[in-house]
Amino acid sequence: MLTQAVQLAKKTIPRRHRWLLRARRRHGSWFLRTPDRRLLEGKIIPYFAGLRGVRRVLDIGCDWYTAGYPRLFPTQQYCSIDIDPEKAHFARGEHRVASLLELDQHMEAASVDLVIANGVFGWGVDGRADISLAMRQIERVLRADGCVVVGWNDTDERRPDPLAEILEAPGFAPFAIPNIKAASVVTDTAYRHTYHFFKKIG
Ligand SMILES: C[S@@+](CC[C@H](N)C(=O)[O-])C[C@H]1O[C@@H](n2cnc3c(N)ncnc32)[C@H](O)[C@@H]1O
């Protein structure tokens, strides 16, 4: 019944408004209503936002469905970066229009406790050299013991290549977060959205 209603809505709602079918509104912001987002927003972010040592967060890449993310970090300083100037109006608070690959030109070393790099690898940061450079930039901006959440689609079109540049990046160790009890998780989505958690070491 629900599937039929969605199919009918898809045919009758103009294309430019169809994103509403995947959206839900909460606390004045729009969020995506997909299992990977529910996991990120309902478990992963709340875990990190509840850690006393997490005071400053850098989110890489923004869109309409991340505009509410600063509210998920109520006691933290939330900042973001996106290479695309057209995404800047989705950003709330401290935002930089710049490439992750040039992060050292925009943010102090060891100035952030948590980096969220969701949907960036495979969506603009690709190939051995750039993935490796991006991981080095993330390592540099993190404080000692800081963490990074990396999320990507595990599909042939979007899987970061080579994945090893992320999974075996020097300076990081896999970090199992307690409320998931694992250092990685594949979500129940057609695009097999996958999260990995790492802690900066050394
Ligand atoms: C699929 S969206 C992901 C948005 C968001 N991070 C999320 O949780 O879904 C990819 C975003 O990464 C941005 N992006 C791609 N390459 C980038 C780079 N080198 N530096 C910063 N942002 C980049 C794009 O402009 C786009 O807004």
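In listed order, ligands and their atoms are each counted from 1. Any value given below was found using the heavy atoms of this structure, including those in side chains, with hydrogens, waters and symmetry copies removed. Starting from 1, each residue takes its place in the sequence as its number. Just so it is clear, the model here is predicted, and its values are computed rather than measured.
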Below 3.5 Å, can you tabulate the donor-acceptor pairs from side chains in residues 101-109 to any protein atom, sequence neighbours excluded?
from : atom 1 : to   : atom 2 : distance (Å)
D104 : OD1    : Q137 : NE2    : 2.9

Lys/Arg-Asp/Glu bridge criterion (N-O < 4.0 Å) met for R128, E165: yes

Any residue meeting ring pair (Phe, Tyr, Trp, His ring centres under 6.0 Å) with Y195, in chain and number order, not counting sequence neighbours: H193

Polar contact flag, side-chain donor to acceptor under 3.5 angstrom, T155-N153: no

Pocket residues of ligand 1, ordered first by chain and then by residue number (heavy-atom cut-off under 4.0 Å): R37, I60, G61, C62, Y65, T66, D82, I83, D84, K87, A98, S99, L100, N118, G119, W123, G124, V125

Test item: side-chain donor near acceptor, D59 and Y69, under 3.5 Å: no

Residues forming a side-chain contact (heavy atoms from CB on, under 4.5 Å) with N179, sequence neighbours excluded: K43, Y47, I177

